[in-house]
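Here is the structure we will look at, set down as structure tokens.
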Amino acid sequence: MDSATVFGEHPAKQALEWQSRGASRIHVVDLEGSVGGRPANFDCVKEIVGAVRVPVQVGGGIRDENTIRLYLDAGVSNVIVGTIAAKDPQLVIHLLSLFPRALSIGIDARSGVVAVEGWTESAKMTALDLAARFESENVASFIYTDIERDGMMLGPNIAATKEFARNTSRPVILSGGISSLDDVRKALPLGQEGVTGIIIGRALYEGAIKLEDAIRLAERQNARQENHSVS
């Protein structure tokens, strides 16, 4: 939090720009909420949802049923829980029964070990162990973030993401470290392991990646896979 960089003062306007450039989904993190344990930017998220037509997913400070319902009622398509998945898995299993396929579980890992409370604490369990607790539940996806790479423009942890995806039957979204088109190119083959999406943040804001170029790469990869399946 002490080293946060501000890229813009109008999140809804920024979300509209990403939509206009082809984004299929807007990923929002309430950074203050993730540390404080409750939403701190709900009105801002609601404004984003009202501005765009594409699905919006949000995480950060989501710890209970009322908060999840609040976001879903506001039009958020997918709510991400992280800390409570590690600290109270039985509660999350209950929430997944109430909101099937509407909840994703964010698994933030440092050297394979889960971090919680806005990355300030270790959950003392591996990412694979945490995912295994929810393997048979109605999880929309696992969002796997290597927090040593996130925002650092160091490239994604392909090996760790591949191992994680291979050990779950649920969709996995890669997050953290995407810093160039070459990183996107390296990550796309993970689709064969069950990785269904890539979250890109800082690299877009700093201009290291043009969203349109990343989308074209992904579309070409999908076309190749479809042709291979047909043949």
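These figures come from a predicted structure and were not determined experimentally.
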Is the backbone N or O of [Y] less than 3.5 Å from a side-chain atom of [X], with the two atoms forming a donor-acceptor pair by type?
X	Y	result
R25	G197	no
D183	S179	yes
R101	V139	yes

Who passes salt bridge (charged side-chain N to carboxylate O under 4.0 Å, His left out) against [X], sequence neighbours left out?
X	result
E193	R166
E17	R21
D182	R185, K186
R69	E65

How close do [X] and [Y] get, heavy atom to heavy atom, and via which atoms?
X	Y	result
A127	Y144	CB-CE1, 3.7 Å
L188	I198	CD2-CD1, 4.1 Å
G61	R63	CA-NH1, 3.3 Å
A86	V114	CB-CG1, 4.5 Å
I143	S104	CD1-CB, 4.3 Å
A203	I200	CB-CG2, 4.1 Å

Is there a side-chain contact between [X] and [Y], using heavy atoms and a 4.5 Å cut-off?
X	Y	value
I68	L95	yes
I107	T145	no
I80	I105	no
L217	D213	no
Q192	K162	no
V184	I209	yes
F134	I93	yes
I173	V195	no

State which residues pass side-chain contact (heavy atoms from CB on, under 4.5 Å) with [X]; sequence neighbours excluded, sorted by chain then number.
X	result
N41	D30, E32, C44
N167	L128, E163
P171	S141, T196

First locate atom [atom1] of [X], then atom [atom2] of [Y], and finally report the distance between them rounded to the nearest 0.5 Å.
X	Y	atom1	atom2	result
Q19	Q14	CD	CD	12.5 Å
I62	L70	CD1	CG	9.5 Å
E137	E135	CD	CD	10.0 Å
I215	S24	CD1	OG	6.5 Å

query: Among all residues two or more places apart in sequence or in another chain, which pass the side chain to side chain donor-acceptor pair (under 3.5 Å) test with S20?
result: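 Applying side chain to side chain donor-acceptor pair (under 3.5 Å) to S20 gives none.
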
Under the side chain to side chain donor-acceptor pair (under 3.5 Å) test, residues paired with D64 that sit two or more places apart: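 Scan of D64 (side chain to side chain donor-acceptor pair (under 3.5 Å), adjacent residues dropped) gives T67.
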
task: Report whether V81 and I199 are members of the same hydrophobic cluster (ILVMFWY, side-chain heavy atoms less than 4.5 Å apart, transitive linking).
output: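 Cluster IDs for V81 and I199 differ.
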
- request: Please check if any side-chain donor atom of T161 sits under 3.5 Å from a side-chain acceptor atom of N157, or the reverse.
  value: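 Judged by distance alone, the side chains do not pair up.
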
task: Give a yes-or-no answer on whether the side chains of Q57 and S77 include a donor-acceptor pair shorter than 3.5 Å.
output: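 No - no donor-acceptor pair under 3.5 Å links their side chains.
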
message: Taking ring-ring contact (aromatic ring centres under 6.0 Å, His included) as the cut-off, I'd like each qualifying pair that reaches into residues 87-109, sequence neighbours left out, listed once.
response: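 Pairs touching residues 87-109 that pass the test: none.
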
message: Applying ring-ring contact (aromatic ring centres under 6.0 Å, His included) as the test, list every pair that has at least one member in residues 12-58; sequence neighbours left out.
response: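 Qualifying pairs, neighbours excluded: W18-Y205, F42-Y71.
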
Contacts table for residues 45-55: side-chain donor-acceptor under 3.5 angstrom, sequence neighbours left out:
none

